[in-house]
Amino acid sequence: MNPPFRDQSAQRSVWLDSLGSLSSESSTGRSFVKIPPGDSLIWNERLVRLPFVHVPSVLSSRQSECFQPRNMEMELIEAALFPKQLHPDGQHMPDHHICTITGLGGVGKTELSFRFFTKCKDNLDAVFFVTAGSESRLREEYSQIATKLGLVDSSVHHDLEAYSEAFRIWLANPIRGIPGSSTAHTTASWLLVYDNAESTDTLEKFWPGGNSGKILITSRNPLITPRGIPSSPSIRLEGLPTKDAVRLLQSCSNDYKNDAQSMRDATQLVAWAEGFPIAVKQLGSIILSEHMTISQFRHVWTTKHKLLRRLSDGQGVKDNLVAVWALENLYKQHKNSFELLGVLSMLDPELITHELLTMRSQLAERNGSLMDEALYIASRKKLTDMSLIDVSRETGDLRIHRLVQDLVRHFIIQKGQASTFFNKAVGYVESMWSFLNRNYITGTATNIERWGTCRRVFPHILHLRDIYEDWTNSGVVVAITMELPELFLEAAQYCNERGTGHAATALVELADTMYRSLSFKQPLVTLDENRAKICRARIGLAVSSREGQDVFNFAQEAFEIEKHQHQDKDMSSSILAVAYNDLATGWAFRQEWEAAIELLTESKKIRERLPGFTRDKLFSPLYHLGIVYHHQGNFDAAEATLKQAIEDRSAAFRPKDTRSIRSAALYYAFGNMRLDRGDRRRGDLMKALNDFKTAVAIATACMGARNRTTLLCQYQVARASMMLQDYATARDLLDEVLTYSMDKPMYERDTARMAYSYAHCLEVHGMQEESLWWLKKALGIHNRKRAGNIRTLETLTEADIAALIPYDFL
């Protein structure tokens, strides 16, 4: 059963308000604004210029002189997406016009879809070509489009989930004009290409509503169309017809002889390649690089079997003629190009940045060699000449076909070099990642200045994880190094900061497994250090999910490790200060306030003794001391401590700084303290409301409107509004907060208190049925999380809900 939100149009209004209704931009030519459907026209005033084209830079610079047109398939796609016959009775289509292209890897699906995309871009208002191989890649491209279209405020921190949702919403109803204009009720025409879609579930998450668009999907999966979408035309792509394949081979080998013998030889070679464009192109590149003609090549290798036997050398290499030739050629004659290709086979294939591959040029490889940028460019050129990769001329970014990656990895495994190239790829990713916990310095946690780099590297970490798990499950031995689990823990930290702790859990689990597998090789001190790292990661997950017992257990274990190690070394460090802080948090969840104060006081002393101490480094102990004093009922001490933390932070950076969530956290704590104190003479309720609004503003600027931290601050605005009897505002805010947080089980303790408040708002407005639904939601979570304190609808109280989160902080 879907949750009964009170009014979807109002929900959209809140959504657009939170994105910001910006000052209008003047615009010439055709343009549109976004007007959501619903009773009230809350609309984004920023005009967006049309026409609009979005295509990955690697594809936009691709040379097309070798493309074979596949005229019949082009006509089938056009008939599916631009049907001449209208829907019966002149009604609108129930969904977008959809066409799917399926086929084996390398058969030319991307090439065909891009050709159709290019043909359409001058005839539609907007065309979008996106890579749909993973959620992370789709979310990245959707958010890029939203920014370029002007659907979001680019001055606010890049919030991938919010930005991608803004684009998806626009696709559902891309109205072209402002109210009252001649184009107010016309929609922009658009084409969206989902290239290399792999998962139906992923497509469903990003599928646009409405029915005004054209959608073209390419996939290896013949059943890729999202569930619930009416059946649509599908084209099963096979190898090129012989005549077209021969023309492609001639073009790529630069051998255009048309005599009978040359044509027979060309025909035989393309038959060996089964007409697959990627194979034919690579075969032509091989012939050209060997300085041979098509017939000369065919004369040397008279049968496909003879060629494969020559290439395999008894290694049992996968039966792909062209790939085997190309890889053997590189392996034996072009070592640097082969090493580069081996690394590329381990990375996310769709956008491998020039920065990622050249940053390591200033760092020695583990074997002591160094590939400088000039050598990298030369190695890359060889791969491009052999049609193994595509390179953007504008940016230098790379794209490699998934089929090529699969074959290269198979080849590497057969050569016994799986671990070598896997670890080289880890080294490239590691060299670009902005580490937080390596040589940790107090005060740097949650700093968002590193997010831009992390966002670009994160898909490669996920790709390495997938390869590792696939190889491990299939029996391929990968001798990993300590850098990989450390990288996974860093990626988990990044997920937690972004408010997606639910995505971090699997990374922490895998890192834990890896550290255990490496334990027999490590000295005891390293084992303890690794275990402490895992404990700190699990503390982060437990804090996100508000699981106080887990916070305490892992904090206690990490504390014992760090205390023992630092006693042996007779020293203090930032990590030891963190250990004191974490254990204090664990005691606070158990409401042992004096124990928490003692540990926080010691954490403060350690920080003051560290080299380079400045007062902003005291944020964590002061912040938690303020909250602990609040829970003790010592409101004056709480206020003084939180004020001191705010002053320290303002002096170090600027008032209400947005470089991390820390300023938002301070105002969040201040608001909670004032709500509980409730001193009318001091105007606590109104001041608390303003504190929470300030926290929302900082969190939005820092992390985006849909980030979990921002939503928690927004919930507190709703709670303060309820205490001020403003139930309408509280209801609107809780609409949105629950929409973007309730489907994540990791955060259900927060969901329970939000649902309880929402039920109360709905009851005040006479919406008894909806109120009961949400009250049952809160009750179910309460009884599941507090099994020793079972309640009923009649006995559940606000105090019971508050007990789910006995220690509330950001």
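For the numbers below, each heavy atom of this structure counts, side chains included, while hydrogens, waters and symmetry mates do not.
- Residues Cys713 and Ala699 approach most closely at SG-CB, 4.5 Å, considering heavy atoms.
- Residues passing the salt bridge (Lys or Arg N to Asp or Glu O under 4.0 Å) test with Arg615 are Asp648, sequence neighbours excluded.
- Other residues, nucleotides and ligands contribute more than 12 heavy atoms inside 6.0 Å of the CD atom of Glu469.
- Annotation: salt bridge (Lys or Arg N to Asp or Glu O under 4.0 Å) contacts of Arg531 (sequence neighbours excluded): Asp512, Glu557.
- Judged by a 6.0 Å distance limit and a 45° cone about the ring axis, Arg590 is positioned over the six-membered ring of Phe552.
- Legend: salt bridge (charged side-chain N to carboxylate O under 4.0 Å, His left out) pairs involving residues 799-809, not counting sequence neighbours, sorted by first then second residue: Arg546-Asp808, Arg753-Asp808, Arg786-Asp800, Arg791-Asp800.
- Every residue meeting the side-chain hydrogen bond (donor to acceptor under 3.5 Å, both in side chains) condition with Asp348, not counting sequence neighbours, appears here in chain and number order: Arg137.
- Taking every heavy atom of both residues into account, Leu738 and Ala755 meet most closely at CD2-N, 4.2 Å.
- Nearest heavy atoms, Pro621 versus Leu600: CB-O, 3.6 Å.
- Contacts of Met482 classified as side-chain contact (heavy atoms from CB on, under 4.5 Å), with partners at least two apart in sequence or in another chain: Tyr515, Leu518, Gln522, Thr526, Asn530.
- Side-chain contact of Thr729 with Asp732: a donor-acceptor pair under 3.5 Å is absent, judged by distance alone.
- Using a 4.5 Å heavy-atom threshold, the side chains of Tyr667 and Asn690 count as separate.
- Annotation: side-chain hydrogen bond (donor to acceptor under 3.5 Å, both in side chains) contacts of Glu592 (sequence neighbours excluded): none.
- Ring geometry, Tyr494 versus Trp451: the interplanar angle exceeds 60°, so the pair is classed perpendicular (tilted spans 30 to 60°).
- Note on residues 619-631: no pairs pass salt bridge (charged side-chain N to carboxylate O under 4.0 Å, His left out), not counting sequence neighbours.
- Under the side-chain hydrogen bond (donor to acceptor under 3.5 Å, both in side chains) criterion, Arg749 pairs with Glu547, sequence neighbours left out.
- Listed by first and then second residue, the salt bridge (charged side-chain N to carboxylate O under 4.0 Å, His left out) pairs involving residues 685-694 are Arg674-Asp691 (not counting sequence neighbours).
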Might you work through the side-chain contact (heavy atoms from CB on, under 4.5 Å) test for Thr694 and Phe670, ending with a clear yes or no? CA-CA 11 Å; Thr694 300; Phe670 232 126; over 6 Å; no

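- Contact between Ser544 and Asp750 at its shortest, heavy atoms only, is O-OD2, 4.5 Å.
- Taking the side-chain contact (heavy atoms from CB on, under 4.5 Å) definition, one finds that Thr641 meets it with Leu622, Leu625, Tyr629, sequence neighbours left out.
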Mind running side-chain contact (heavy atoms from CB on, under 4.5 Å) on Arg450 and Trp433 for me, showing each step along the way? CA-CA 9 Å; Arg450 53 194 275 276; Trp433 183 264; 4.1 Å; yes

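- More than 12 heavy atoms of other shown residues, nucleotides or ligands fall within 6.0 angstrom of atom CD in Glu608.
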With a cut-off of 3.5 Å and sequence neighbours excluded, list every side-chain donor-acceptor pair involving residues 578-589.
from: Asn581; atom 1: OD1; to: Ser603; atom 2: OG; distance (Å): 2.8
from: Asn581; atom 1: OD1; to: Arg607; atom 2: NH2; distance (Å): 3.2
from: Thr585; atom 1: OG1; to: Asn581; atom 2: O; distance (Å): 3.0

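- Taking the charged nitrogens against the carboxylate oxygens, Glu647 and Lys643 have no contact shorter than 4.0 Å, which rules out a salt bridge.
- Contact of the Glu449 side chain with the Arg659 side chain is registered, since non-hydrogen atoms from C-beta on lie closer than 4.5 Å.
- Judged as a ring-ring contact (aromatic ring centres under 6.0 Å, His included), not a single pair has a partner in residues 674-710 (not counting sequence neighbours).
- Applying the 6.0 Å contact sphere to CZ of Arg680 captures no more than 12 heavy atoms from other residues, nucleotides or ligands.
- Ile801 CD1 to Ser757 OG: the interatomic distance, rounded to the nearest 0.5 Å, is 8.5 Å.
- In terms of heavy-atom proximity, Asp684 sits nearest to Gly678 at OD2-N, 3.6 Å.
- Residues Pro459 and Ser136 come closest through the heavy atom pair CB-OG, 4.1 Å.
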Let me see the working for Asn672 and His630 under side chain to side chain donor-acceptor pair (under 3.5 Å), right down to the final yes or no. CA-CA 9 Å; Asn672 275 332; His630 157 204; over 6 Å; no

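- The pair Asp679-Arg677 does not meet the salt-bridge criterion, since no charged nitrogen lies less than 4.0 angstrom from a carboxylate oxygen.
- With rounding to the nearest 0.5 Å, the separation of CG in Leu810 from OG1 in Thr709 is 5.5 Å.
- Between the CG atom in Asn496 and the CG atom in Leu541 there is a gap of 5.5 Å [rounded to 0.5 Å].
- In this structure, the ring of Phe809 has its center no less than 6.0 angstrom from the ring center of Tyr668.
- Although no hydrogens or angles enter the test, the distance criterion places a donor-acceptor pair under 3.5 Å between the side chain of His566 and the main chain of Glu562.
- Side-chain atoms of Tyr428 and Leu347, non-hydrogen and from C-beta on, never get closer than 4.5 Å to each other.
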What do the steps show when you test Tyr468 against Leu510 for side-chain contact (heavy atoms from CB on, under 4.5 Å), and what is the final call? CA-CA 10 Å; Tyr468 176 82; Leu510 186 55; 4.0 Å; yes

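- A salt bridge is absent between Glu140 and Arg456: the closest approach of a Lys/Arg side-chain nitrogen to an acidic carboxylate oxygen does not fall below 4.0 angstrom.
- Under a 4.0 Å N-O distance rule, the pair Lys533/Glu529 does not qualify as a salt bridge.
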Test side chain to side chain donor-acceptor pair (under 3.5 Å) on Gln493 and Glu497 and set out the steps. CA-CA 6 Å; Gln493 171 82 18; Glu497 291 176 6; 3.1 Å; yes

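- For the pair Cys702/Lys656, no side-chain contact is recorded, criterion being any heavy-atom separation below 4.5 Å from C-beta on.
- Rounding to the nearest 0.5 angstrom, the gap separating the NE2 atom in His460 from the CG atom in Leu487 is 11.5 Å.
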